[in-house]
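Read through the structure below, which is laid out as structure tokens, and then see the notes.
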Amino acid sequence: MEPVSLVPHEGRWRCPLQHAQADYHDGYRGRIFRDLLSRSLSPLHRDSCPLVGDGGDAGLVPVGHPRREEDCTRHPVLDRKVRSGRDLRSRLKSWRGAFSPRHCSPMKMADATFMNGDACVLERDSCGFFGKTHYPRATIRTGFHMRIPIKEVTPGCERAEVCGFVHEVRDLGGLVFLLVRDRTGIIQVTVPKKKVAEDVLCAVRDVSRESIVRVSGTVKAIDKAPGGRELVPESFEIISRAESPLPLDVAEKVPAELDTRLDSRFLDARRPRVAAVFHIRSVLARTIHEYLFSAGFVNITTPKIVAAATEGGTELFPIAYFEKEAFLNQSPQLYKQMMMGAGFEKVFEIGPIFRAEEHNTTKHLNEATSVDVEVSYADHHHVMALLEDLLVTLYRRVDEECRPFLDAMEIKDFSVPSCPFPRLPYDEAIAIAQKKTDEQVTYGDDIGTAAEKAIGEEMGGHYFIVDWPTAIKPYYAMPYEDDPSICKAFDLMHPRMELSSGAQRVHQYDLLVRQIQSKGLNPDNFSFYLLPFRYGMPPHAGWGLGMERLVMTMLGLSNIREAVLFPRDRHRLVP
RNA sequence: GCCCAGGUAGUGUAGUGGCCUAUCAUGUCGGCCUGUCACGCCGACGACUCGGAUUCGAAUUCCGACCUGGGCGCCA
């Protein structure tokens, strides 16, 4: 048996399948396993011998083993060479201390040694007594008591244990086919009724669709089966039985309306095409973090409970805050600007925003996620360049990393936009709208839905609308010095809708006060916000990007509610 | 907030005054079936959002409530 070799996989080091058919467990098993693996596989410990634990009967099992006694194994946690199992065992106490109690307390901890490929595992029960269990090499190799991801069950496996949902049951009489699904894929479990044990047969007869089962048995390479392999169970356990009928059909034989789906979102999200949206959204969030951190941004968190409106305009949700009146924040705008006054220079926040508008459309939510960015010593050109580069980076990342999810959604024509996006001055945008629509559109109007659609068709891809009239943008947008009737504000548009708006901000106290007044607002209500502008405020610019709209336009979703797990709209407060 | 369209088994649907004891599919239950892959076949189960009105008779027409979808306004 060769020492275990480690391969990079989805950003982590892991053992190839033949050595340890275990990874990505949820719950304690996964945490222990990953924790051990990540500790042991830092570059310093590249050659160490990882331990694999399932937290159950098997305790912790070393994967691979040194070829000779003198092949020392670097202990994963102690970072020192361990000569033998006995040595390893003697370090158990301090080794245990390296884990937090939440990792250890429910587990049976174990120590292990190995000879000739076999493992001898010392297990401790809850009373603290040690027992000794001998696991032959074959057992380790096949992952005894180990759940493995379904996609990693290949025709080459001898044995496998999988856990997941019962996707479908097809009972042919003497032969039953069950499809078992986890987040990685679907495997066919084939039950020849005359050949399996009585308890397996009982469980198979009793199981319902979408129940959670654990199945272990032998893997057979069969061309007729999906994925070229099937699992013939030696044990079949119903871990959690699903009631029937189901609120909606997970196997997608019968379509369900969005409203029905949202009522049972947990079931809806079991459907691979729905789950794909949120896996991609997760990749987007991770990429935004990576991008902004590597560009030197500081992540901040600002209050969602506020005393007053930030911008006027939109309706706010009032809440009772002890003896005071308060609101849910519509935007982190004022707070991220204040952090410019704090000298943070580059900040970002990805967080919820709340709008109490009674709109009820496919592109509005009452609770949305905003990606907010603010940069000191920057103007609107700088932050537009940042925004378009980020957007292209996100598209490229999804294109590179999310193929299986795009396939699950049957998106075939995913294309990455290219920089730079056109900068369309507001007056030209109005001219296009006037030319292409019947609606009365004049300079100084906000761009309505029909105009937005007409301009989007003309532009064909992402574009910026720049040089807006100062009158229709918020007070914090910086007017041009040579023509104060227009300002350094911009909107990032997708042909279907607005994705982001931003501006270079007013950083001069006197001008800001005048602009607040000119919008008919009372500067006294903004004193907390205005204060930093009196004690040295760098020039700055920023934007806010609607996360759901980004997901929606990127994936061609017809309704923005598809881009949120649990949307909040005019009528929906539950779940 | 305004306008339009809807509300029929768990799910998705057909039915626009009497042929409705309400269609079909899926599902669930029972029966048959050893290579299915939307398995197939046979049988059963299961619904007209609520309240009021018109009518001999209402799932169907009218009024109201509640809920839903779409559009607009406003917004990101």
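In what follows, chains are A, B, ... by sequence order, proteins preceding strands, each numbered from 1.
- Using a 4.0 Å cut-off between a side-chain N of Lys or Arg and a carboxylate O of Asp or Glu, A/Lys193 and A/Asp171 qualify as a salt bridge.
- Within 4.0 Å (heavy atoms only), A/Gly546 reaches no atom of the nucleic acid at all.
- Between A/Asn559 and B/G70 there is a side-chain polar atom (N or O) within less than 4.0 angstrom of OP1 or OP2.
- Comparing B/G35, B/U34, B/C75 by their closest approach to the side chain of A/His364 singles out B/C75.
- Ion pairing between A/Arg496 and A/Glu452 fails under the 4.0 Å rule for side-chain N and carboxylate O.
- Of the possible polar contacts, none joining the A/Ser282 side chain to the A/Phe278 backbone as a donor-acceptor pair under 3.5 Å is found.
- A/Asp467 and A/Lys488 are not joined by a salt bridge, as no carboxylate oxygen comes within less than 4.0 angstrom of a charged side-chain nitrogen.
- In this structure, CG of A/Asp569 is placed 13 Å from C1' of B/G70, rounded to the nearest angstrom.
- Base engagement by A/Glu230 is indicated by at least one non-hydrogen atom pair under 4.0 Å involving a base atom.
- Of the candidates B/U28, B/G69, B/G35, B/U28 carries the atom nearest the A/Ser244 side chain, counting heavy atoms from C-beta on.
- Residue A/Arg570 has a polar side-chain atom (N or O) positioned under 4.0 Å from OP1 or OP2 of B/G1.
- Here, B/G27 and B/G12 have their C1' atoms 11 Å apart, quoted to the whole Å.
- Considering only side-chain N and O atoms, A/His571 lies nowhere under 4.0 angstrom from the phosphate OP1 or OP2 of B/C67.
- Minimum atom distance to the side chain of A/Lys253 is reached by B/A38, of the listed B/U68, B/A76, B/A38.
- Rounded to whole Å, the separation between the C1' atoms of B/C48 and B/A59 comes to 5 Å.
- In this structure, of B/G73, B/C75, B/G35, it is B/G73 that holds the atom nearest to the side chain of A/Thr361.
- When both pairing distances are held under 3.5 Å, B/A22 makes no Watson-Crick or G-U pair with any nucleotide shown.
- Contacts of A/Ala251 with the nucleic acid, taken as non-hydrogen atoms under 4.0 Å apart, are absent.
- Contact between the side-chain N/O atoms of A/Lys363 and the OP1/OP2 oxygens of B/C75 is not found at any separation under 4.0 Å.
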Contact state string [nucleotides 3-13 of chain B, B base, S sugar-phosphate only, - no protein heavy atom under 4.0 Å]: -------SBSS
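- Between A/Phe348 and A/His289, the ring planes lie perpendicular to each other; the angle is over 60°, past the 30° to 60° tilted range.
- With a cut-off of 3.5 Å on both pairing distances, B/U13 has no Watson-Crick or G-U wobble partner at all.
- Here B/G40 sits opposite B/C32 as a Watson-Crick or G-U wobble pair (both hydrogen-bonding atom distances under 3.5 Å).
- A salt bridge between A/Asp389 and A/Arg396 is absent, with no side-chain N of the basic residue lying under 4.0 Å from a carboxylate O of the acidic one.
- A/Thr449 has a side-chain polar atom (N or O) that falls below the 4.0 Å cut-off from OP1 or OP2 of B/G73.
- When the C1' atom of B/C74 is taken as reference, atom CD1 of A/Ile447 falls 15 Å away, rounded to whole Å.
- The gap from the C1' atom of B/U8 to that of B/G15 amounts to 9 Å, rounded to the nearest Å.
- By the 30° and 60° cut-offs, the orientation of the rings of A/Phe464 relative to A/Phe421 is tilted.
- Phosphate contact (OP1/OP2 of B/G70, side-chain N/O of A/Thr362, threshold under 4.0 Å): absent.
- Taking A/Thr218 as the reference, A/Arg159, A/Val232, A/Glu234 meet the side-chain contact (heavy atoms from CB on, under 4.5 Å) condition, with sequence neighbours excluded.
- Spacing of C1' atoms, B/U34 relative to B/U23, comes out at 36 Å, to the nearest Å.
- Figure legend. B/U54 is base-paired to no nucleotide; pairs are counted as Watson-Crick or G-U wobble with both atom distances under 3.5 Å.
- Base pairing annotation: B/G27 forms a Watson-Crick or G-U wobble pair with B/C45, both donor-acceptor distances under 3.5 Å.
- As judged by a 4.0 angstrom heavy-atom cut-off over every strand, A/Leu179 is placed among residues making no nucleic acid contact.
- Note on ring orientation: taking the six-membered ring where Trp is involved, the planes of A/Phe405 and A/His279 are parallel (angle under 30°, cut-offs 30° and 60°).
- For B/C2, the paired base is B/G71 (Watson-Crick or G-U wobble, both distances below 3.5 Å).
- Using P as the reference atom, B/U60 and B/U21 are 14 Å apart when rounded to the nearest Å.
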